[in-house]
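These numbers come from the heavy atoms of this one structure, side chains and all, not from hydrogens, waters or symmetry mates.
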Amino acid sequence: MKNPFRPEPTSYAGARALVTGGCSGLGLELTRLLVADGAEVLVVDQHPEAPDGVLPEGVIYRQLDVRSDEQWDETCHWVESTWGVLDLLINNAGVAAGGRIDVLSMDDWKWIIDINLLGVVRGCRTFVPLMKEAGSGHIVNTASLAGLVHAPSMSSYNAVKAGVVAVSETLRHELAAWHIDVSVICPSFFRTNLAQSLQGKDVEMEATAVDLINKAPRSAEQVARTAYAGMRARRFIILTDADGRIAYRGKRYLQPVYERAMIASGKRIAAGRPATPAGLERLQHLAARRKK
Ligand SMILES: NC(=O)c1ccc[n+]([C@@H]2O[C@H](COP(=O)([O-])OP(=O)(O)OC[C@H]3O[C@@H](n4cnc5c(N)ncnc54)[C@H](O)[C@@H]3O)[C@@H](O)[C@H]2O)c1
């Protein structure tokens with residue numbers, strides 16, 4: 001018998017899809033997978049022109065800084081007049097930040113809220129009316145594992161990504177009546193150009209973030225492949241790696257151990273020792289022992 005909680009993977013062949021931040025990293029890899037599946041893809045990014053030779057053939061490019069209401073309106077106008085509908089919206093554009101609460105400036109906070117949280121909100125606000133009219137659609141927001149488990153010295157990034165998870169859950173329930181699905185991708189660190197966006201006041205913590213991104217064991221291609229399978233299955237929270245699954249399940253089912261691991265991570269940072277991704281090693285150790 002068909003399990004109603006595990007829908008068959010849906011193909012995106014023929015779908016009209018918009019990917020924000022699609023010129024690099026995860027957005028670019030998702031674009032490649034969509035094109036290979038036969039979707040029509042509009043990539044938007046902050047550059048006036050797409051970087052030479054980066055986008056797959058047939059992909060349309062437009063400049064859209066996710067902070068600009070005007071550029072969102074122009075993009076919506078393009079989609080309405082060219083395609084008439086939007087089947088898939090991937091709100092993926094984002095920047096990185098790391099920083100202790102007493103070192104981060106208010107400008108650091110405002111910058112990341114405007115891009116990573118309000119950029120997603122603007123995308124949803126812009127295209128939900130079109131999807132409601134069509135009575136279908138899929139919104140995929142790129143959050144982060146940081147949206148689910150909140151490691152020390154990353155308060156601004158954690159807060160905006162948790163905000164993306166909250167908006168996604170809200171819309172999943174709010175838009176179900178129009179048959180609009182919502183998914184949220186929550187990866188741990190993976191190798192992309194993301195570290196180049198770091199520009200906050202906490203230089204020391206940002207150096208750690210650079211290492212965690214550039215030396216991550218996963219590539220954007222690997223993360224995209226897992227995320228794409230989750231999207232096709234219309235999963236809500238899409239965890240893309242073992243670190244994420246351990247940390248998220250640890251928080252839900254082993255709260256005291258999670259708590260101790262995070263406090264230990266905070267103390268290590270306070271003592272000037274390197275942070276580990278989400279203070280995970282204690283949870284990993286526990287998970288490994290359980291497997292034996
Ligand atoms: N790399 C990681 O370790 C990691 C982990 C978890 C979540 N993420 C999230 O994945 C998403 C993609 O990041 P990535 O790692 O592929 O990084 P990336 O830097 O390779 O790609 C991000 C893209 O977003 C674009 N962008 C940045 N600011 C923008 C703006 N204001 N308007 C429009 N486009 C803008 C950039 O130009 C770039 O093309 C981000 O939301 C990021 O927070 C990344």
Side-chain angles (χ1 to χ4, degrees), residues 4-7 9-10 12 15-22 26-27 30 34 39 41-44 64-69 71-73 75-77 79-80 83-95 112-150 157-187 224 226-240 244 248 252:
F5 299 107
R6 280 189 184 273
T10 315
Y12 291 108
R16 278 127 314 176
L18 188 160
V19 184
T20 73
L26 181 58
L30 288 173
L34 282 165
V41 187
L42 168 64
V43 159
V44 295
L64 190 168
D65 185 317
V66 295
R67 291 170 289 189
S68 164
D69 292 320
Q71 288 181 357
W72 274 111
D73 287 345
T75 304
C76 188
H77 180 71
V79 168
E80 276 185 299
W83 288 340
V85 290
L86 187 69
D87 303 299
L88 173 64
L89 168 66
I90 306 185
N91 286 308
N92 163 81
V95 289
I112 200 163
I113 288 170
D114 206 11
I115 298 173
N116 285 17
L117 178 57
L118 296 183
V120 172
V121 171
R122 289 185 187 98
C124 296
R125 277 177 48 78
T126 304
F127 283 104
V128 159
L130 210 56
M131 289 184 172
K132 277 187 170 176
E133 215 178 290
S136 65
H138 190 187
I139 298 172
V140 177
N141 297 325
T142 303
S144 166
L145 180 58
L148 300 172
V149 301
H150 313 306
Y157 191 77
N158 291 343
V160 289
K161 292 302 189 179
V164 172
V165 174
V167 169
S168 305
E169 185 179 318
T170 307
L171 297 190
R172 179 175 175 80
H173 301 147
E174 185 175 321
L175 302 178
W178 285 269
H179 310 286
I180 300 168
D181 292 314
V182 181
S183 302
V184 59
I185 305 175
C186 297
T226 314
Y228 197 69
M231 285 164 54
R232 291 187 57 188
R234 296 295 197 272
R235 219 169 289 139
F236 173 50
I237 290 184
I238 303 177
L239 292 163
T240 58
Y248 184 49
R252 291 175 79 190

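- Between atom OH of residue Y228 and atom CZ of residue R232 there is a gap of 6.0 Å, rounded to the nearest 0.5 Å.
- Pairing each heavy atom of L239 with each of C186, the nearest pair is CD2-O, 3.9 Å.
- For W83, the ring pair (Phe, Tyr, Trp, His ring centres under 6.0 Å) test picks out W78, with sequence neighbours left out.
- Taking R67 as the reference, D65 meet the side-chain hydrogen bond (donor to acceptor under 3.5 Å, both in side chains) condition, with sequence neighbours excluded.
- Considering every non-hydrogen atom in both I112 and Y157, the closest pair reads CD1-CD1, 3.8 Å.
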Going by atom type alone, with no hydrogens or angles, which donor-acceptor pairs under 3.5 Å involve a side-chain atom of residues 161-168 and a protein atom two or more places apart or on another chain?
residue, atom, partner, partner atom, Å
K161, NZ, T142, O, 3.3
K161, NZ, A143, O, 3.4
S168, OG, N141, ND2, 3.0
S168, OG, V164, O, 2.6

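- Annotation for R234 and D181: closest pair NE-OD2, 2.9 Å, computed over non-hydrogen atoms.
- Smallest separation of non-hydrogen atoms from N158 and V149: OD1-O, 4.4 Å.
- Judged by distance alone, the side chain of T20 and the main-chain N or O of A93 form a donor-acceptor pair under 3.5 Å.
- Applying the salt bridge (charged side-chain N to carboxylate O under 4.0 Å, His left out) test to every pair with at least one member in residues 86-95, sequence neighbours left out, gives these pairs: R16-D87.
- For the atom pair CG of N92 and CD1 of I185, the computed distance is 7.0 Å after rounding to the nearest 0.5 Å.
- Closest non-hydrogen pair, L89 versus N91, comes out as CD2-ND2, 3.5 Å.
- The heavy-atom pair separating A146 from H150 by the smallest distance is O-ND1, 2.9 Å.
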Does the side-chain contact (heavy atoms from CB on, under 4.5 Å) test come out yes or no for I90 and M231, once each step is laid out?
CA-CA 10 Å; I90 306 185; M231 285 164 54; 3.8 Å; yes
Tell me which donor-acceptor pairs under 3.5 Å the side chains of residues 123-140 have, and how far apart each pair is, sequence neighbours excluded?
residue, atom, partner, partner atom, Å
T126, OG1, R122, O, 2.6
H138, ND1, Y12, OH, 2.9
H138, NE2, S183, OG, 2.8

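- From L86, atom CG reaches atom CG of L18 across 6.0 Å, with rounding to the nearest 0.5 Å.
- Partners of A224 according to the side-chain contact (heavy atoms from CB on, under 4.5 Å) rule, which considers only residues two or more places apart in sequence or in another chain, are L26, E29, L30, L33.
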